Amino acid sequence: MKKNIPEAYDVIISGGGVVGMTLAVGLAQNGLNVALIEYNDIAASLSDEFDGRSYAISYAPYLMMQALGLWDKLAKDAQPINEIHITDGHSPLFLHFDENDLGEGPLGQMVEVRHLRQGLFAAVQEQKNITLITPDHIIDVKNSPGSCAVTLNSGRKISCALLISAEGRKSPLREMMGINIKIWDYKQIGIVTTVEHEIDHGGTAYERFYPSGPFAILPLKNNRASIVWCEPPERAKTIMGLSDAAFDAELRKKFGDFLGEVKHLGQRWAYPLTAQLADDYTAARFCLIGDAAHGIHPIAGQGFNLGLRDIAVLIETLVDAKRLGGDLGSEFTLERYVRWRRTDNNILALGMDGLTRFFSNDITPIRLARQIGLGIVGEIPPLKRLFMRHARGTVGKLPKLLKGDKP
Amino acid sequence: MTEKQKKTDFEPNSENISASVDPGEVAHFSAMAATWWDPNGPFKPLHKLNPTRIAYARNALCRHFGRDPQINLPLKGLRILDIGCGGGLLSEPMCRLGATIIGADASEKNIKTAQAHATEMGLDINYQNITAEALAEAGETFDAILNMEVIEHVADIPSFLNACHSLLKDEGCMLLSTLNRTAKSWAMAIAGAEYIMRWLPKGTHDWHKFLKPSELARALRNSRFDTNHIKGMVYHPLSGQWSLDDKDFTVNYLILAQKTPNA
C-alpha cells in the first residue's frame with residue numbers, strides 16, 4: 001500500500017538555473033522540503049571555463065544573498081559597482097550615480113555566470129532539505145484538491161503542495177498550465193561578451209544610449225568588463241560574423257579608448273531582445289517565478305534582480321504560511337505572492353520598455369529632451385536618489401530578505 | 001488509498017473514512033468545503049482573520065508549553081480540542097503544526113464539511129459531531145482547548161465553560177476569542193461585516209449575545225478558570241489585514257485561560 005504513495009514535498013521547483021537554485025536554498029534553509037528538477041545534468045553543465053556572461057546583482061538582492069549565506073561563496077569573484085555613468089551616446093551631458101549619493105555601500109555587484117552557478121550548486125548540495133533530481137523533467141501534472149502530483153520523464157512520481165516554474169522565458173510548465181504571455185520585440189539584438197582593458201575601471205559602470213541601441217560596460221574583476229551591446233538585427237548579424245580582430249575594431253568604436261587598449265575574451269553571445277509578461281503568475285497549486293513570469297529588456301541589468309526579488313517575496317510568503325500551518329499551494333497563499341510582486345514587475349518592465357524606446361531613436365527633440373532630462377535628474381538630489389533606489393531595488397514594501405534579514 | 005496524497009510532515013488518513021459513506025453526500029460536502037475554504041467566498045472575513053488568530057494561538061501555546069514557534073511541527077505531541085470547529089479553518093493549520101486535533105461541532109453539516117476537506121488535504125483530524133458537554137461526559141481530556149468565535153453562539157455559557165474545565169488537563173490552557181459588545185462592534189460586525197459588506201452569512205452573529213471582556217472573565221472565574229492575558233484584534237480596512245493589539249479590545253479580543261489551582 002505504501003508504494004502507491006508518491007514522494008511528497010512541500011514544493012517542487014522545475015528549473016535548476018540561478019533562480020531555481022537560489023529559491024530552493026532559501027526555502028530549504030527555512031524548513032521546507034524541496035524537490036529541485038533540472039532538465040540538464042547540473043553537475044555536468046558546470047564549467048570552470050569562462051563563457052563571457054555575467055549578472056548584475058543590485059544592492060537589496062545582494063543583502064538577500066548575504067542573509068541566505070550565499071554571498072560567502074560569491075564574494076571573492078564579485079566586482080562591486082561603485083559608480084554608474086549614464087550618457088546619451090557620446091554626449092558630454094550625463095547622469096552620474098555613485099555610492100556616496102546614498103551612503104549605503106556599493107550600488108551593485110557584478111558576478112560571472114559560471115561563479116554564480118558553481119556557488120549556488122555547492123549550496124544546493126549542502127542542503128539536506130533539497131532533493132535534487134537531474135537530469136529529468138516533468139511530463140505530466142495532475143491536481144487534486146489537496147495536492148499536485150507530477151510524473152517525471154524517468155517515470156518517477158512525486159507530489160507537492162505547490163509546483164513552481166523557474167524554467168526561464170520558455171517555461172514548458174507555463175504552457176502546460178495554459179498561461180499566455182505577451183511579448184514585445186525590440187527588433188534589437190543584444191551582443192554580450194567580456195573585454196579586457198589596460199586601465200583600471202575603478203568599479204564604474206557605463207550605460208550609453210545610442211540611436212541604434214544601448215551599450216553598457218559593466219566592471220568585472222581583474223581589468224575586465226562585461227559588455228551588453230545592442231544593435232538592430234542586420235547589423236548585429238554582421239558584427240557577430242566578424243573575425244576576432246575585426247570585432248575588436250568595431251568594439252573600440254563604441255567603447256572608446258578611455259580604458260586604454262581593449263579586446264574581447266571568450267565567447268560572444270547574441271540574444272534577440274524581447275520583453276515578455278505572463279498574463280497570470282499563478283494557476284491552481286502552481287506559480288511562476290523569475291523569467292518564466294517576466295522577462296525585461298536587459299538595459300539596466302534588472303532581469304536577474306527581478307527574479308531575486310520574486311524569490312525574496314515567495315520565500316517570505318511560503319515560510320510564513322508554513323509557520324502558520326497553512327496550505328502552501330492554496331489560492332490564499334498564492335494571492336499574497338502575486339499581489340506583492342506583480343505591480344513591481346510590471347512597472348519595471350514598462351519602465352525599461354519606455355526607456356529603451358525613448359533612447360533608441362534619433363529624432364532631435366527627443367534627443368534634446370533626454371539629454372536635458374538626464375541633466376535635470378542629475379541636478380535634483382531627491383529625484384536622483386529615487387532613481388538610484390529603484391536601480392538598487394530598495395523601493396516599495398520590502399520583504400525581509402531584501403533588507404538583509406532572515407524571514 | 002488511490003487518490004490520497006501523503007503530504008510532508010504528516011501521514012495520510014485512511015482509518016477514519018467510513019466505508020459506508022454515500023458518494024453523493026461526499027460530493028455535496030466537498031462542495032460545501034470548497035465554499036468554506038474559498039478565500040473570497042462567504043467566509044472571507046474568517047480567512048482574513050485566520051493568520052492573526054493562528055499566529056496568536058501558536059505563539060500562546062508555544063509559550064505555555066515551552067516550545068519554539070519557528071521550528072517545523074512546534075505543536076507536536078499536544079492533544080488539542082478545537083471546539084466549534086466549523087469547516088476546520090483552525091483545525092487544519094493546527095494539525096499541520098504537529099498537534100493531534102479533535103475538531104468538535106454541534107452542526108453535523110459542519111463536521112461532514114470539515115471531514116471532506118481534511119480528507120482532500122490528506123490531514124488526519126478527528127472530527128466529531130458532539131458538544132463540549134458530551135465530550136466531557138465521555139471523560140476526554142486535552143492539553144489545550146481552542147475556543148474561537150464560539151462563545152457568542154452558546155446558549156448556556158456556565159454549562160459550556162464547566163464542560164471545558166473538565167475537558168482541560170490541569171496544566172493545560174484554553175484560548176478564547178470572541179466579539180465585544182460595543183457600539184463599534186455593532187457597527188462593524190453587524191452593519192459592516194454582515195449587512196453592508198455581505199461578508200458573513202446573515203444571522204451569523206447576534207450582537208446581543210456578545211460578551212464584554214469583564215463578563216467573559218467573570219464567567220470563566222465562575223467555572224474555575226484564571227484569566228491573565230487579554231489581547232485585542234484590530235482590523236485595518238485599507239490593507240484588509242488584522243493585527244494584535246494590547247489595548248484595543250473594542251471589537252475582537254482574545255483571552256488565555258488556565259485552570260484555577262485547587263486551593
Side-chain angles (χ1 to χ4, degrees), chain A residues 1-12 27-35 128-129 131 142-150 157-163 282 284-285 316-336 338-340 397 406-407, chain B residues 1-14 30-31 33-34 37-41 43-44 46-48 50-59 62 68-75 89-99 101 116-123 239-241:
Chain A
M1 203 143 131
K2 264 251 183 285
K3 66 176 173 281
N4 287 333
I5 302 170
E7 294 167 60
Y9 298 91
D10 287 321
V11 301
I12 297 174
L27 292 175
Q29 276 179 3
N30 287 288
L32 273 76
N33 204 347
V34 179
K128 64 173 174 38
N129 288 345
T131 302
K142 278 210 170 54
N143 273 340
S144 58
S147 103
C148 168
V150 310
K157 288 181 194 296
I158 59 179
S159 75
C160 60
L162 175 65
L163 175 63
T282 62
R285 297 203 170 276
E316 187 163 327
T317 302
L318 295 180
V319 169
D320 282 355
K322 172 91 176 174
R323 289 189 187 146
L324 290 177
D327 173 358
L328 302 184
S330 70
E331 203 183 326
F332 189 77
T333 304
L334 292 178
E335 252 185 28
R336 187 173 173 219
V338 173
R339 265 204 318 271
W340 204 344
K397 187 199 166 212
K406 295 198 183 298
Chain B
M1 253 341 260
T2 49
E3 76 346 316
K4 253 136 271 103
Q5 310 293 341
K6 178 177 180 288
K7 293 196 46 170
T8 315
D9 295 335
F10 41 80
E11 295 294 320
N13 56 339
S14 51
S30 250
W37 286 85
D38 178 355
N40 297 308
F43 294 98
K44 184 174 177 173
L46 272 182
H47 285 281
K48 289 274 187 198
N50 224 19
T52 305
R53 59 181 193 157
I54 292 165
Y56 168 83
R58 179 199 63 192
N59 293 345
C62 285
D68 177 1
Q70 302 292 305
I71 61 168
N72 277 349
L73 309 179
L75 305 181
L89 295 191
L90 263 181
S91 291
E92 289 195 9
M94 291 293 143
C95 173
R96 284 202 189 87
L97 293 176
I101 298 286
H117 196 263
T119 303
E120 286 176 355
M121 292 291 136
L123 294 173
S239 64
Q241 308 289 318

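No experiment lies behind these values; they were computed from the predicted model shown. Letters go in sequence order (proteins before strands), and every chain restarts at 1.
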One should read off an interatomic distance between F332(A) CZ and K48(B) NZ, to the nearest 0.5 angstrom, of 6.5 Å

In Å, rounded to the nearest 0.5 Å, how long is the span from CG of N129(A) to CG of N72(B)? 8.0 Å

Is N40(B) in contact with chain A via its backbone, its side chain, both, or neither, using a 4.5 Å heavy-atom distance? side chain

Looking only at non-hydrogen atoms, find the nearest pair between G146(A) and M121(B) and report the distance. CA-CE, 3.5 Å

D327(A) and R96(B), any side-chain heavy atoms less than 4.5 Å apart: yes

What option among M94(B), Q70(B), H117(B), H47(B) has the most heavy-atom pairs under 4.5 Å with chain A? Q70(B)

Heavy-atom pair of closest approach, residues L97(B) and G325(A): CD2-N, 3.5 Å

Chain A interface, residue from A55(B), A33(B), P51(B) that has the most non-hydrogen pairs under 4.5 Å: P51(B)

For R323(A) and R58(B) the tightest heavy-atom approach is O-NH1, 2.8 Å

